[in-house]
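Side-chain atoms are counted along with the backbone in the values below, which use heavy atoms only and exclude waters and symmetry mates. Model, not experiment: these values are computed from the prediction. Numbered from 1 within each chain, the chains take letters A, B, ... in sequence-line order.
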Amino acid sequence: MEHYNMNLTLKVWKQKNCKTKGAFETYQVQNISSEMSFLEMFDILNERLIAEGKEPIAFDHDCREGICGTCSMFINGRAHGPWHQTTTCQLHMREYKDGDTIVVEPWRSHSFPVIKDLVVDRTAFDRIISAGGFISVNTGNAVDANAVLVPKDDADDSFAAASCIGCGACVAACPNASAMLFVSAKVSQLALLPQGRPEATTRALNMVKQMDQEGFGSCTNIGACEAECPKGISLENIARLNREYLGSVFTGKASS
Amino acid sequence: MNWKQYFNTSIGKKLIMATTGIFLIVFLVVHCYINAQIFYNDGGTRFNEAAHFMGTNFVIRFVEIGLFGFLIWHMILGLALYNKNKSKRTAYAVNAGNKTSKWYSRSMALLGTLILLFLVIHLRNFWAPNRLSTLTGGEELPLYNMMKEQFQQAWLLAIYLLGVFSLAWHLLHGFYSAFQTFGLCNSRYKDMIRFIGVAFSIIVPIAFASMPIAFFLHLLN
Ligand code: SF4
Ligand code: FES
């Protein structure tokens with residue numbers, strides 16, 4: 001693909017912290033290469049802002065290779081921009097033409113309060129994992145890897161669920177701000193394996209309870225999460241979570 | 001957790017929406033089947049027989065109470081969920097719209113409300129006067145002739161068509177969604193359920209729509 005440069009107008013959400021109200025601010029960026037990533041374009045803008053003595057735009061990023069899930073940006077109405085199964089760091093400027101206007105917002109969900117500008121607090125996800133996303137193992141020496149047999153299909157499905165990077169795009173894209181896709185991936189990766197069975201009757205219940213407590217919305221099977229997930233986590237995981245939940249309801253031990 | 005808590009979580013409420021929804025779907029099938037008797041075009045003899053059975057059978061009367069209970073539960077819980085979900089975030093300046101989801105999946109509350117408005121008119125025209133008449137010791141009303149008469153009004157026909165139209169889209173999401181909620185949409189059944197859901201959402205509403213249209217066009221005597 002041919003290389004070209006472009007000038008763009010950016011409308012970026014600026015917000016001091018979760019207590020203050022934010023607003024859009026407009027920036028012009030010049031000479032952006034079509035081969036840059038979306039975040040590199042932000043780097044250039046920020047360098048200029050710093051040189052001008054202005055405050056740079058705060059945004060989250062870490063690996064810049066699509067595996068850490070921190071680079072949350074809601075770009076022109078799409079979580080991580082318009083590309084299919086892509087994080088913001090993997091979105092490249094060849095998507096845009098000279099003269100385009102790009103609106104960039106943070107993930108909007110009351111469960112993900114804004115820390116600053118485009119940076120949101122996703123620790124709600126960590127608390128959901130702590131509520132049930134674990135297994136019990138023996139202490140002592142590590143057991144032989146092949147001591148527990150796992151059917152290949154289950155291993156594959158579990159692995160696919162485990163590829164969730166906890167980015168929160170599912171919550172950001174969902175009209176209900178529901179975290180079901182994330183929770184379903186975290187339940188599925190363990191529920192599919194024999195190692196995850198001991199906690200099976202309580203895991204779904206506990207994680208769903210925590211999910212509700214964190215204030216995420218209720219899933220109504222709209223499917224925008226699956227469409228926007230950078231890792232292609234499937235709605236089948238939500239069906240599995242529902243199944244696990246139903247199983248706990250009827251077979252789990254009643255307690256108060 | 002106790003039973004009440006199980007059904008008070010977000011998934012628990014989903015399960016209630018799905019269960020009541022499936023019950024309402026079953027009701028639609030029965031209702032459609034009974035009404036389709038008008039197409040024998042026998043001046044309503046068969047239809048009135050069927051309506052008489054439905055109107056007087058003890059079991060059906062009992063199920064009818066459950067039906068209203070489930071309908072009201074489905075409505076109230078649905079609207080409550082809609083309101084609660086809306087309060088979970090401030091709105092985006094730019095939305096993905098139809099790029100990441102279907103408009104009818106996002107509009108279940110609106111479609112449901114339209115169906116409800118239709119239902120109020122529908123019940124007021126047929127069900128309520130008929131029940132009132134029998135409860136006060138009177139005769140069953142001649143429902144067939146009432147339909148024949150009422151569906152001469154173009155505005156009423158329009159309301160019925162709007163109701164059925166809303167129902168079709170509501171079903172298109174609801175049918176599949178219920179099975180997803182029960183956890184049945186895995187790779188094995190997903191396509192089948194989707195197919196049946198689409199077929200159901202087309203066939204049943206068209207069958208319903210054909211009834212007032214047939215009367216309006218004087219196709220039935
Ligand atoms: S399910 Fe997908 S969109 Fe949601 S947190 Fe995991 S990787 Fe991100
Ligand atoms: S920065 Fe790690 S996924 Fe984008």
Can you tell me which portion of B/K84 sits under 4.5 Å from chain A's heavy atoms? Options are side chain, backbone, both or neither.
neither
With a 4.0 Å cut-off on N to O distance, would you call A/E244 and A/R203 a salt bridge?
no
Under a 4.5 Å cutoff for heavy-atom pairs, which residue among A/S234, A/C219, A/G223 has the most contacts with chain B?
A/C219
Would you please classify the geometry between the A/W107 ring and the A/H80 ring as parallel, tilted or perpendicular, with 30° and 60° separating the classes?
perpendicular
Toward chain A, the part of B/K190 with a non-hydrogen atom under 4.5 Å:
side chain
Does CZ belonging to B/F68 count more than 12 external heavy atoms closer than 6.0 Å?
yes
If I measure from the heavy atoms of chain B, does A/A79 come under 4.5 Å with its side chain, its backbone, both, or neither?
neither
Engaged part of B/S187 at the chain A interface, taking heavy atoms whose separation is under 4.5 Å:
both
Aromatic ring pairing B/F47/B/Y144, orientation class (parallel under 30°, perpendicular over 60°, tilted between):
tilted
With under 30° as parallel and over 60° as perpendicular, where do the rings of B/F179 and B/F175 fit, or are they tilted in between?
tilted
Heavy-atom distance under 4.5 Å to chain B: side chain of A/V208, backbone, both or neither?
side chain
I'd like to know if A/R122 pairs up with A/D60 as an ion pair, taking the criterion as any Lys NZ or Arg NE/NH1/NH2 lying under 4.0 Å from an Asp or Glu carboxylate oxygen.
yes
Is A/E105 salt-bridged to A/K14, cutoff N-O under 4.0 Å?
no
Exercise: identify the closest heavy-atom pair between A/M73 and A/V104
SD-CG1, 3.8 Å
Which one, A/H110, A/K11, A/R243, A/M211, leads in non-hydrogen pairs under 4.5 Å with chain B?
A/H110
Under 4.5 Å from any heavy atom of chain B - which part of A/I238:
both
Tell me which of these, A/L235, A/L246, A/I222, A/N221, has more heavy-atom pairs under 4.5 Å with chain B than the rest.
A/N221
Under 4.5 Å from any heavy atom of chain B, what part of A/C225 do you find: side chain, backbone, both or neither?
neither
Can a salt bridge be assigned to the pair B/R131 and B/E64 using a cut-off of 4.0 Å between side-chain N and carboxylate O?
yes
At a heavy-atom distance under 4.5 Å, which candidate from B/N8, B/L81, B/T90, B/L184 has the highest pair count against chain A?
B/T90
Do the ring centers of A/F125 and A/F112 come within less than 6.0 Å of each other?
yes
Tell me whether A/R108 forms a cation-pi arrangement with A/W13, defined as NZ or CZ under 6.0 Å from the six-membered ring centre and within 45 degrees of its axis.
yes
Quick check for you: among A/S111, A/S109, A/A173, which has the greatest number of heavy-atom pairs under 4.5 Å with chain B?
A/S109
What part of A/F24 lies closer than 4.5 angstrom to a heavy atom of chain B: side chain, backbone, both or neither?
side chain
Among A/N76, A/D212, A/V171, the residue with the most heavy-atom pairs under 4.5 Å to chain B is A/D212
Which atoms of B/A18 come close to chain A, meaning under 4.5 Å heavy atom to heavy atom: side chain ones, backbone ones, both, or neither?
neither
Interface moiety of A/P106 toward chain B, non-hydrogen atoms closer than 4.5 Å:
backbone
Please determine, among B/T181, B/I11, B/N186, the option with the most heavy-atom pairs under 4.5 Å with chain A.
B/I11
